[in-house]
Amino acid sequence: MKVDGQDIRTIWLDKDKTVVKIIDQRKLPHEFVIVDLKTVDDAITAIKDMYVRGAPLIGVTGAYAVYLATLNAPGAHIDPDYLATEADRIKAARPTAVNLSWGVEQVMSAIARQTESEKKIEAARIAAGAITEQEVENCRKIGEHGRSLIEQISRQKSGKTVNVLTHCNAGWLACIEHGTATAPIYAAFDHGLDVHVWVDETRPLNQGTRLTAWELGKHGVKHTIITDNAGGHIMQHGMVDIVIVGTDRTAVSGDVANKIGTYLKALAAWENHVPFYVALPSSTFDWNIKDGINAIPIEERDPDEIRYVQGVDHNGATSVLICPPDSPAANFAFDVTPARYVKGFITERGICKATEEDIKRLFPEKE
Ligand code: MRU
């Protein structure tokens with residue numbers, strides 16, 4: 001995607017192939033800072049502390065973290081036990097997005113096919129690069145398939161503005177390019193359709209306010225930030241034509257884990273007959289889980305993310321306490337939307353219903 005005229009991705013390998021470059025998303029939208037990841041610990045910190053975030057990007061960062069583990073292996077020989085321990089540490093950095101273990105496992109399998117250390121390093125680099133390209137292409141295809149939904153609504157409205165509501169940031173910043181939930185929006189916009197996005201602020205870390213608004217604005221897409229609590233009201237008043245969100249882990253039954261607050265949006269959409277779609281690459285399906293509500297691990301983060309608000313004032317970045325100093329807070333980072341509230345999944349292979357049968361129609365090899 002373009003930032004101030006420059007093509008940029010969220011993650012890439014430096015020319016000398018020893019340093020992984022990322023955008024520090026904690027600093028957006030006020031500062032655009034690129035950070036170097038040189039070690040596994042750097043990558044784990046970047047995932048845990050959310051320099052990088054969003055399921056597909058976490059997956060690719062995990063894949064490159066395994067590559068960094070091969071580069072930094074002690075001694076000339078890459079010991080399988082060392083590598084397995086590093087892989088487990090990387091996978092534990094954030095629990096909900098299944099893409100993380102998926103990305104790590106893909107690279108571990110590529111390494112396992114090699115015997116010499118040099119070949120293992122090369123295999124890890126090639127596998128991480130291939131996953132990156134695959135996710136870019138999958139998101140592009142999600143855009144193409146999802147665009148048809150927006151086109152259909154646009155036709156029904158005789159070309160009037162199509163209003164999309166989205167939650168959190170499932171944009172290119174959460175992926176490598178295009179995004180998942182935003183991919184159909186960018187594709188529709190680039191096709192000349194009149195589209196406007198309601199951006200949920202997404203407390204407590206404000207991924208909507210900070211990131212989705214920023215990237216939509218950079219692309220020229222009309223958008224309006226709303227409080228997390230406004231969705232029900234605007235759906236009730238016919239101001240939303242379609243909801244499109246991303247996901248961190250989708251059970252094969254169709255239950256969807258996504259940023260906290262998604263479930264409430266799905267309930268409001270159901271009540272108001274607004275179609276609720278979830279956009280995801282196949283790397284976000286968890287083929288082993290059927291009961292999303294009880295089996296998907298829900299991350300609980302530092303309560304101070306709720307108790308303090310980050311922003312900028314005339315002196316630069318600042319953090320402000322917004323609650324009584326002694327009040328505790330509980331920071332559930334994700335929730336699960338039951339499949340019955342999901343109208344459909346927009347995947348790289350097309351659109352399907354949120355049922356095991358229909359998901360496996362698109363992905364028969366998972367049968
Ligand atoms: O905590 P985050 O910012 O990593 O949460 C991100 C989300 O919930 C996204 O909606 C999800 O990862 C889909 S990303 C395309």
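Here, residue 1 is the first one in the sequence, and each next residue gets the next number. On a predicted model such as this, the values are computed, not experimentally measured, just so you know.
Side-chain atoms of Thr318 and Gln310 form no donor-acceptor pair, as typed in the model, at a separation below 3.5 Å. Looking only at atom types and distance, the side chain of Ser283 has a donor-acceptor partner in the side chain of Glu135 under 3.5 Å away. Thr347 and His145 form no side-chain donor-acceptor contact under 3.5 Å, judged by distance and modelled atom types alone. No hydrogens or angles considered: nothing links the side chains of His178 and Asn138 as a donor-acceptor pair under 3.5 Å. A donor-acceptor contact closer than 3.5 angstrom links the side chains of Thr39 and Asp42. At a cut-off of 3.5 Å, with distance as the only test, a side-chain donor of Thr284 or Asn99 sits close to an acceptor on the other residue. Between Asn331 and Glu305, the side chains place a donor N or O and an acceptor N or O closer than 3.5 Å (distance only, hydrogens not considered). A side-chain N or O of Gln25 and one of Arg53 form a donor-acceptor pair less than 3.5 Å apart. At a cut-off of 3.5 Å, with distance as the only test, a side-chain donor of Tyr186 or Glu215 sits close to an acceptor on the other residue.
Lys38 places no side-chain N or O within donor-acceptor distance of the main-chain N or O of Thr18, the cut-off being under 3.5 Å.
For Phe363 and Trp287, the ring centers sit closer than 6.0 Å to each other.
Using bins of under 30°, 30° to 60° and over 60° for the plane-to-plane angle, the ring pair Tyr263/Tyr341 lands in the tilted bin. A tilted orientation is assigned to the rings of His237 and His233, their planes being inclined by 30° to 60°. Ring-plane geometry between Phe345 and Phe285 is classed as perpendicular, the angle between the planes exceeding 60 degrees on a 0 to 90 degree scale with a lower cut at 30.
Salt-bridge annotation for Lys259 and Asp248: absent, with no side-chain N of the basic residue lying under 4.0 Å from a carboxylate O of the acidic one. The pair Glu144-Lys141 does not count as a salt bridge, with every side-chain nitrogen at least 4.0 angstrom from each carboxylate oxygen. By the 4.0 Å N-to-carboxylate-O rule, Asp241 lies close enough to Lys157 to be salt-bridged with it. Electrostatic pairing of Glu357 and Arg361 does not count as a salt bridge here, judged by no charged N lying under 4.0 Å from a carboxylate O.
If you take CZ on Arg94 and CG on Leu100, they are separated by 9.5 Å, rounding to the nearest 0.5 Å. Distance CZ/Phe332 to CD/Glu300: 4.5 Å, rounded to 0.5 Å.
The side-chain contact (heavy atoms from CB on, under 4.5 Å) with Thr132 is formed by just one residue from the set Leu57, Leu13, Ile176; it is Ile176.
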